[in-house]
Asks: 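Here it is, the structure, as structure tokens.
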Amino acid sequence: MKKVIAFLILFFITASNVFAAGAYAEKIQDKKEADIEHHAVEAYSKAESGIVQKIDYDYTEKTENPENVSKQIVTVKITSGKFKGKEVITDNMLTGNPAYEVFLKENDRVTIVVESNNPNPSNLDEISVYVSDIKRVNVIYLYTFIFIALLIGIGRMKGFYSLLSIIVTVMLVFLIFMPMVLFNASPIIAALIISILSTVITMYLVAGYNSKTNAAILGTVLSLIFASGLALLAIFLAHLTGFMGEESLFLYMSRPDLDLQGILAASMIIAALGALMDVAISISSTINEIHITDPKLSVYELFKSGMNVGRDIIGTMSNTLILVYLGSSMPLVLLGSNIDTAKFFNLNQVAGEILSAFTGSISLLACVPLTAIMSAWLIKRKQAELEKTEQNETREVLETE
């Protein structure tokens, strides 16, 4: 049975990936054919790594204060790609706006963009180079290593399975959700598909195939469907536009055909997924342990015990979700000190963040009774099936004798 379930899961993931990849590839192919028809010239543009060797300054205002320098003349050594080892000189413009400028120092590792009108440039004269940003990926690698080491070191096999589930979830987002949304599929349907797949794979990897896991999956899936309805209702009632920041604006400018309201609802669903799985498996495992301790308890008694446990969990979990949204929106919260309170809470972005937090928290509250009743019913049903099987075996033995 386990092998069948694993095969079905893998088959569904593979089929979804093939569909998404095929659709996306078809769209890209159509675009390429259109470009060929219009005799479009394919330019060369590639991000590479580099290290700052030397910096000169252009003091347009005759001052020694770096904040008033209009540009840095930077010598960069390219450390990756076809021009690896070459040194180029480029201008790094300084605007005085820290959100959009990069102030460089010698020996800084940077990400550079190499561009050319020639699709296959072969020498430095054919390319232009500019500094995109400080290279931060090495720090990401370091923290990823620390996280994986602690996860496996402390969690052992459970930690390893958790790591696998994280990898699968990330792959589902990038390999299924993104292509589906970019291909104009419903963001909500896409979010539900990857959320359900992530729930099934994570639960079975971490907790194994049993009644408590099945109950946790059912509780999570029902809560996700409930969260979808809540998200759509919040967007409709509050007239949310889906523009939640600069990223939404940039996305609209590049892809005005996408459903930004649907993407907002999808983000609410995915954001609540982790907390929902946590609550569901906690309640389901607790009810299972209570049943093992006292198998005579009825479905209602097990449900009541699960609800008592759920009441202790939801206080901290709801607080966790609220704090996550609050922490991610701290600049927006601080901005509220300079705006009239009534106007501040009516801003599209503020209302969207608040409703996202409440959508997740309300879904958590719904997850408690849903998982509790599913756990109690499935566990007692399994017990009844085992007892019936034992009775049949005993009867067969007696009849044989």
Side-chain angles (χ1 to χ4, degrees), residues 162 165-166 168-170 172-174 176-178 180-181 186-203 206-207 213 215-238 240 242 244-245 247-248 259-284 306 309-329 349-375:
S162 297
S165 68
I166 292 170
V168 168
T169 301
V170 173
L172 289 172
V173 171
F174 282 94
I176 296 181
F177 178 78
M178 284 179 56
M180 287 184 68
V181 173
S186 168
I188 299 173
I189 298 298
L192 282 175
I193 288 174
I194 68 161
S195 296
I196 292 172
L197 283 173
S198 176
T199 299
V200 172
I201 295 170
T202 300
M203 292 292 190
V206 175
T213 306
I217 290 173
L218 286 174
T220 304
V221 170
L222 291 174
S223 300
L224 285 170
I225 296 172
F226 180 69
S228 303
L230 276 179
L232 288 172
L233 185 62
I235 291 171
F236 173 76
L237 294 178
L240 298 178
M244 299 297 290
E247 298 85 359
S248 302
D259 179 10
L260 292 182
Q261 291 179 318
I263 293 173
L264 174 59
S267 69
M268 293 181 183
I269 296 168
I270 295 174
L273 176 60
L276 289 175
M277 284 195 289
D278 191 10
V279 169
I281 196 64
S282 297
I283 294 174
S284 183
V309 173
R311 292 187 184 98
D312 293 332
I313 294 174
I314 58 177
T316 54
M317 290 304 299
S318 297
N319 197 38
T320 298
L321 271 183
I322 297 295
L323 289 175
V324 166
Y325 281 102
L326 190 62
S328 63
S329 317
Q349 188 172 353
V350 176
E353 293 289 353
I354 293 172
L355 290 172
S356 295
F358 279 121
T359 296
S361 297
I362 294 171
S363 301
L364 277 180
L365 297 175
C367 185
V368 172
L370 287 172
T371 306
I373 190 63
M374 289 294 172
S375 299

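Note that these values count all heavy atoms, side chains included, but never hydrogens, waters or copies made by symmetry.
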Asks: What closest approach, in Å, do Gly360 and Ala272 show between heavy atoms, and which atom pair accounts for it?
Replies: CA-CB, 3.9 Å

Asks: What heavy-atom pair brings Ser361 and Ile322 nearest, and what distance separates the two atoms?
Replies: OG-CD1, 3.8 Å

Asks: Please give me the minimum heavy-atom distance between Leu264 and Gly242, naming the atom from each residue.
Replies: CD2-CA, 4.1 Å

Asks: Between Ser284 and Ala215, which heavy-atom pair has the shortest distance, and what is it?
Replies: OG-CB, 3.8 Å

Asks: Please tell me if the side chains of Thr220 and Met203 come closer than 4.5 Å, counting only heavy atoms from C-beta onward.
Replies: yes

Asks: Kindly compute the distance separating CD1 (Ile269) from CG (Leu192), expressed to the nearest 0.5 Å.
Replies: 4.5 Å

Asks: Are Ile313 and Ile283 close enough that some pair of their side-chain heavy atoms sits under 4.5 Å apart?
Replies: yes

Asks: Which distance, rounded to the nearest 0.5 Å, do you find between the CD1 of Ile225 and the CD1 of Ile188?
Replies: 12.5 Å

Asks: Which value, rounded to the nearest 0.5 Å, describes the distance between Ile217 atom CD1 and Leu222 atom CG?
Replies: 12.0 Å

Asks: Using every non-hydrogen atom in the two residues, find where Val181 and Ala190 come nearest and quote the distance to one decimal.
Replies: CG2-CB, 4.3 Å

Asks: With a 4.5 Å cut-off on side-chain heavy atoms, are Ser186 and Asp259 touching?
Replies: no

Asks: Which value, rounded to the nearest 0.5 Å, describes the distance between Met244 atom CE and Ile263 atom CD1?
Replies: 12.5 Å

Asks: What is the minimum heavy-atom distance between Ala280 and Thr371, and which atoms define it?
Replies: O-CG2, 3.3 Å

Asks: Atom CG of Leu370 and atom CG of Leu365: how far apart are they, to the nearest 0.5 Å?
Replies: 11.0 Å

Asks: I need the single residue from Thr202, Thr199, Ile270 that forms a side-chain contact (heavy atoms from CB on, under 4.5 Å) with Thr169. Which is it?
Replies: Thr202

Asks: Does a side-chain heavy-atom distance below 4.5 Å link Ile189 with Ile193?
Replies: yes

Asks: Considering only heavy atoms from C-beta outward, does the side chain of Ile362 approach that of Phe226 to under 4.5 Å?
Replies: yes

Asks: Roughly how far apart are Ile314 CD1 and Ser282 OG, rounded to 0.5 Å?
Replies: 13.0 Å

